[in-house]
Amino acid sequence: MDEASADTPRWVQRFRNFDGALVLLREGVGMLDDPSLPVMAKEGLIQRFAFTFELAWKTLADFLDFRKVTLERRGPGDVLRMAFATGYLGDGPIWMDALDARNELSHTDRRQAFERVLADIPVRFIGLFEDLHEMLMIERAALDGR
């Protein structure tokens, strides 16, 4: 499928960006085992998490539009709840925890929140993104097979 063509679904175009963000997040998570990892690198991982989260929910919103799922509101929480209700996402409560983490980090400078989210990224949140990525890869392959 030519992702630049006018008939390519918007979610497929945005998925390419989500895919790239997930690659960068994986790279950052792989560095967490290094005990000498500087704080600046940890801050960068938090930014990669936030960026990946943003692209995840926006790609999902476009995907739901493509699937003709009606969204009364288009905020991240609304999109995540609808995707969970329609079966496109599992682990709804953990997705909401990821949303809360993203919100808390963007509205506060608390070190405790920073450390908690940093610990949750490899244990709780990256798996969400991986599952979404896999589902969207399958959907994209189905489009290519048409």
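FYI, side chains are in, hydrogens and waters are out, and symmetry mates aren't considered; it's all heavy atoms of this structure. When a residue number appears, it is its place in the shown sequence, counting from 1. Fair warning: this is a prediction, and the values are worked out from it, not measured in the lab.
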Subject >> Test side-chain contact (heavy atoms from CB on, under 4.5 Å) applied to Ile126 and Thr52, step by step >> reply: CA-CA 9 Å; Ile126 198 164; Thr52 304; over 6 Å; no
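- A salt bridge does not link Asp62 with Lys58: every distance from a Lys NZ or Arg NE/NH1/NH2 to an Asp or Glu carboxylate oxygen is 4.0 Å or more.
- Between Ala61 and Leu71 the shortest heavy-atom distance is O-CD1, 4.3 Å.
- At least one side-chain heavy atom of Trp11 sits under 4.5 Å from a side-chain heavy atom of Arg140.
- For the atom pair Asp120 CG and Leu128 CG, the distance stands at 10.5 Å (nearest 0.5 Å).
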Contacts table for residues 44-51: side-chain donor-acceptor under 3.5 angstrom, sequence neighbours left out:
residue, atom, partner, partner atom, Å
Arg48, NH1, Leu24, O, 2.7
Arg48, NH1, Glu27, OE2, 3.1
Arg48, NH2, Glu27, OE2, 3.4

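- Across all non-hydrogen atoms, the minimal contact from Ala21 to Leu55 is CB-CD1, 3.8 Å.
- Using a 4.5 Å heavy-atom threshold, the side chains of Arg67 and Tyr88 count as touching.
- To the nearest 0.5 angstrom, Ile94 atom CD1 is 12.5 Å from Asp100 atom CG.
- To the nearest 0.5 Å, atom CD of residue Glu43 and atom CG of residue Leu105 are 11.0 Å apart.
- To the nearest 0.5 angstrom, Leu136 atom CG is 7.0 Å from Leu60 atom CG.
- Counting only heavy atoms from C-beta outward, the side chains of Leu118 and Leu32 approach each other to under 4.5 Å.
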Subject >> side-chain contact (heavy atoms from CB on, under 4.5 Å) assessment of Val12 paired with Arg16 >> reply: CA-CA 7 Å; Val12 172; Arg16 180 180 46 210; over 6 Å; no
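- Using cut-offs of 30° and 60° for the angle between ring planes, the His133 and Phe18 rings count as tilted.
- Arg81 has a carboxylate O that lies under 4.0 Å from a charged side-chain N of Asp78, or vice versa, which qualifies the two as a salt bridge.
- The closest side-chain heavy-atom distance from Thr86 to Met82 is below 4.5 Å.
- Once rounded to the nearest 0.5 Å, the distance linking OG1 of Thr59 with CG of Leu132 reads 7.0 Å.
- Between the side chain of Gln13 and the backbone N or O of Thr8, at least one donor-acceptor pair lies under 3.5 Å.
- For Glu115 and Lys42, the salt-bridge test fails: no basic side-chain N is under 4.0 Å from an acidic carboxylate O.
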**OP:** Check the pair Arg10 / Asp65 against salt bridge (Lys or Arg N to Asp or Glu O under 4.0 Å), numbers first and verdict last.
**Re:** CA-CA 9 Å; Arg10 175 72 178 121; Asp65 286 343; over 6 Å; no
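- Contact annotation: the side chain of Trp95 approaches that of Phe53 to within less than 4.5 Å [non-hydrogen atoms, C-beta and beyond].
- The nearest pair of heavy atoms linking Pro9 to Phe66 is CG-CE1, 3.6 Å.
- Using a 4.5 Å cut-off on side-chain heavy atoms (C-beta onward), Val23 and Arg26 make contact.
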**OP:** May I have the step-by-step check of side-chain contact (heavy atoms from CB on, under 4.5 Å) for Phe63 and Met135, ending in yes or no?
**Re:** CA-CA 11 Å; Phe63 177 77; Met135 184 273 292; 4.2 Å; yes
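- When all heavy atoms of Trp57 and Gly75 are compared, the pair lying nearest together is CZ3-C, 3.9 Å.
- Side chains of Leu99 and Met96 form a contact here, defined as non-hydrogen atoms less than 4.5 Å apart.
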